[in-house]
Amino acid sequence: STYLACGLLVRGGVTVSDIQRNITSLRAGRAGRPAIKMVHWNADGFKVGLCTVPALKQPNSLLCLANNACISGRFTHMLAKFNMLYRRKAQVHHYTRVDGMDIARF
């Protein structure tokens, strides 16, 4: 999937060089794991928040908030299924007979 942006919120004893090294590793990929694909208009799509105070009872913690475009495939699939059902007029009778809706409103 293609990522639009990624936010990393890091807490604990982590250095900036460690974070940069891992971001570079994510962008390049390695054996068994493909590289992260970012949109062309936001190539530097990583934002990092660093807090040196660790979370309670944890030496380090990381929260990753990522926004990707993989949902479009699911919407396309749902639209195709809807169109297939609507062509057969499946479930339309629930709206026309029970609710009194006119067929032209579909």
Side-chain angles (χ1 to χ4, degrees):
S1 68
T2 302
Y3 285 88
L4 303 173
C6 185
L8 303 173
L9 305 173
V10 184
R11 292 188 70 174
V14 180
T15 63
V16 175
S17 61
D18 287 339
I19 296 169
Q20 288 291 30
R21 184 172 30 87
N22 284 301
I23 289 174
T24 304
S25 171
L26 286 172
R27 284 187 179 148
R30 45 175 121 136
R33 191 190 75 217
I36 288 182
K37 217 167 56 171
M38 299 296 282
V39 291
H40 65 88
W41 44 265
N42 192 13
D44 298 330
F46 284 90
K47 298 293 180 197
V48 178
L50 181 60
C51 178
T52 57
V53 178
L56 190 62
K57 298 182 182 178
Q58 299 292 324
N60 300 316
S61 64
L62 169 72
L63 173 67
C64 176
L65 300 172
N67 186 6
N68 61 29
C70 69
I71 192 76
S72 65
R74 174 52 77 188
F75 284 139
T76 304
H77 175 73
M78 285 175 22
L79 179 63
K81 288 289 197 180
F82 171 79
N83 287 333
M84 182 182 69
L85 288 170
Y86 184 68
R87 267 186 248 120
R88 295 187 307 178
K89 301 291 186 218
Q91 309 297 330
V92 174
H93 66 278
H94 287 292
Y95 298 99
T96 56
R97 291 186 192 150
V98 176
D99 291 337
M101 184 182 282
D102 186 25
I103 192 86
R105 294 199 58 176
F106 282 97

Donor-acceptor pair, side chain of Asn60 and main chain of Gly13, under 3.5 angstrom: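 Yes, the answer is positive, given that a donor and an acceptor are paired below the 3.5 Å cut-off.
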
Sequence neighbours excluded, every pair satisfying side chain to side chain donor-acceptor pair (under 3.5 Å) that has a member inside residues 71-81: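 For residues 71-81, and leaving out neighbouring residues, there are no side chain to side chain donor-acceptor pair (under 3.5 Å) pairs at all.
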
Inter- and intrachain pairs under side chain to side chain donor-acceptor pair (under 3.5 Å), touching residues 44-57, at least two apart: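 Qualifying pairs, neighbours excluded: none.
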
Hydrophobic cluster membership, Tyr86 vs Met78, 4.5 Å side-chain cutoff: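 They do not share one cluster, since no chain of ILVMFWY contacts under 4.5 Å joins Tyr86 to Met78.
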
Shared hydrophobic cluster for Phe75 and Tyr3 (ILVMFWY, side-chain gaps under 4.5 Å):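 No, no single cluster joins them.
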
Residue list, side chain to side chain contact (heavy atoms under 4.5 Å, CB included) with Ile19, at least two apart or on another chain: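 Ile19: side chain to side chain contact (heavy atoms under 4.5 Å, CB included) contacts with Val10, Val14, Ile23, Val48, Leu50.
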
Inter-residue atom distance Ser61.OG - Arg11.CZ, 0.5 Å rounding: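 Output value for this atom pair is 6.0 Å.
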
Distance in Å, Asn22 CG paired with Leu62 CG, rounded so as to fall on 0.5 Å steps: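 Result: 9.0 Å between the selected atoms.
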
Other ILVMFWY residues reachable from Leu65 by side-chain steps of under 4.5 Å: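 Joined to Leu65, directly or through intermediates: Leu9, Leu63.
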
Contact list for residues 12-27, test salt bridge (Lys or Arg N to Asp or Glu O under 4.0 Å), sequence neighbours left out: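 Qualifying pairs, neighbours excluded: Asp18-Arg21.
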
Enumerate donor-acceptor pairs with a distance under 3.5 Å from any side-chain N or O in residues 31-43 to protein atoms, sequence neighbours excluded.
from: Arg33; atom 1: NH2; to: Ser25; atom 2: O; distance (Å): 3.1
from: Asn42; atom 1: ND2; to: Leu4; atom 2: O; distance (Å): 2.9

